[in-house]
Protein chains: 2
Amino acid sequence: MQVTVDIVIFTIQSGVLKVLLVKRGAPPFVGRFAIPGGFVHEDEALDQAALRELREETGVADVYLEQLYSFGDVGRDPRGRVITVAYFALISADRPLRADTDAAEAKWLAVGQLPTLAFDHAKIIDYALERLRNKLEYTTVGFQLLPEKFTLTELQEVYEAILERKLDKRNFRRKLSLLRILKPLPEYRRGGQRPAQLYRFAAARFEKLRDKGILFPF
Amino acid sequence: MQVTVDIVIFTIQSGVLKVLLVKRGAPPFVGRFAIPGGFVHEDEALDQAALRELREETGVADVYLEQLYSFGDVGRDPRGRVITVAYFALISADRPLRADTDAAEAKWLAVGQLPTLAFDHAKIIDYALERLRNKLEYTTVGFQLLPEKFTLTELQEVYEAILERKLDKRNFRRKLSLLRILKPLPEYRRGGQRPAQLYRFAAARFEKLRDKGILFPF
DNA sequence: ACAAAAGTGTTCGATATACACCCATGT
DNA sequence: ACATGGGTGTATATCGAACACTTTTGT
């Protein structure tokens, strides 16, 4: 039996949630888009295999990565019996993908407008999306989609893009300020109209809250 | 690469949460307890393999079963590279296990007092327990641990056993009655002192609530 | 009659939601 | 000056937590 890892990699670009897909160059499903992945080596753990694939496809290493679910229906790969352990990853929009190697055929596509995908990858993406939406409401994964410094409006746009609904600006900000997990920086984002305060995520503070069982309410 | 499914099967006996474990009769880990499981056949889906193992070990078929997580560290099985897709199952206390075959060496052990287990099975049980506690708070999995007819006190005891804390009787009952997912039966449980009203879970009603996004608050 | 478990309401604090205007800057 | 996005407070409804006594039966 063969085992692969496949990774649903999300990012946000101009307020739209996107997935990284690669166009297949070999059968089966030549020409179709698929999520990046590959076979697990004999001497590597599942998580390591996922990290390796992620690095190979995107060139980035320190990103949010978690195991999603294992898909193992009999007919899911025409080549034979292959079960896949799916992962999902979040990377911030400011990180450029490596432009070399197979990445030539890698593209960010909006999750709302995906073409027909190879294998059972549409199902895997649906599952990842559901997990992401759930996690957004009680964890801080949302910050993983932003660069280290960000404005409150940018953060709110991440939530709105993923949850697909508008949030109230005042309520959003009040909740964040009560949680005290953001650290304002002595810097402002200029370029729009009025300059916006920049913040960074105060992870240490969040760990403490999580240990106390205090969750992230959105 | 070899793929197994292993199943953490929970039940509640006299107010204590227990896991089904089998004593290993063959190496590795002879004599140690392990959670039931086995190799996935070439022609069966993961879920089917889990159902088959569950049936083989317990003789029961229509139980709550969900995929938990896949464990694939390199050294987790001394025989070679084996990754396992772990499942967790809930069965109600009123169902007797089959007494035949390998079940001779199957035992229910309290989750709080487990001996040293085979493989990485202690880790798998920890993970299952965490999942069970979380799911209890926003789904109706709790009912799966009870027979079809049950009293409110019995239901509360299930919650208390799993969450390991006392719940307030009045608050517990009020929440349930607001949800309207229980149907009182024209029957009473006698044998204690004052007879207790019996209820059954009104699954249909619950499906509607879940579709509306109303969750189960404990 | 007494012991044991079943059943039942109210109060209070915390949290979520709805809602509108002024401010600082670029053009 | 005006257009654009940044920033701020209050009122109300809802939900969760704390808390004690009466009722019905078996012995």
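These numbers were taken from a predicted model, which means no experiment stands behind them. A note on names: the letters A, B, ... follow the listed sequences, proteins ahead of strands, and every chain is numbered from 1.
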Q.
Quiz question: going by heavy-atom distance under 3.5 Å, is there a donor-acceptor pair between the base of D:dT10 and the side chain of A:Arg174?
A. yes
Q: Please tell me which of the listed nucleotides, C:dG9, C:dG26, C:dT8, lies nearest to the side chain of A:Gln193?
A: C:dG26
Q) Of B:Pro195 and A:Asp168, whose nearest nucleotide on DNA chain D comes first from the 5' end? A) A:Asp168
(Q) On the nucleotide C:dA6, are OP1 or OP2 found under 4.0 Å from the side-chain N or O atoms that B:Thr153 carries? (A) yes
Q.
Can you confirm whether more than 12 heavy atoms, excluding those of B:Gln13, are under 6.0 Å from its CD atom?
A. yes
Q | A:Asn134 and A:Arg131 side chains, donor-acceptor separation under 3.5 Å | A | no
Q. Using 30° and 60° as the class limits, which term best fits the ring planes of A:Phe172 and A:Tyr159: parallel, tilted or perpendicular?
A. perpendicular
Q: Going by the side chain to side chain contact (heavy atoms under 4.5 Å, CB included) test, name the single residue among B:Tyr87, B:Phe88, B:Tyr127 that passes it with B:Tyr69.
A: B:Tyr127
Q | Candidate nucleotides D:dT24, D:dG6, D:dG9, ranked by approach to the side chain of A:Arg194 - the nearest | A | D:dG6
Q. What stem regions, each of at least 3 consecutive Watson-Crick or G-U pairs below 3.5 Å, can be found for DNA chain C?
A. C:1-27 with D:1-27
Q: Could you tell me whether the phosphate oxygens of C:dA20, OP1 or OP2, come under 4.0 Å of any side-chain nitrogen or oxygen in A:Lys169?
A: no
Q.
Base, sugar-phosphate or nothing for A:Thr151? Non-hydrogen atoms, less than 4.0 Å.
A. nothing
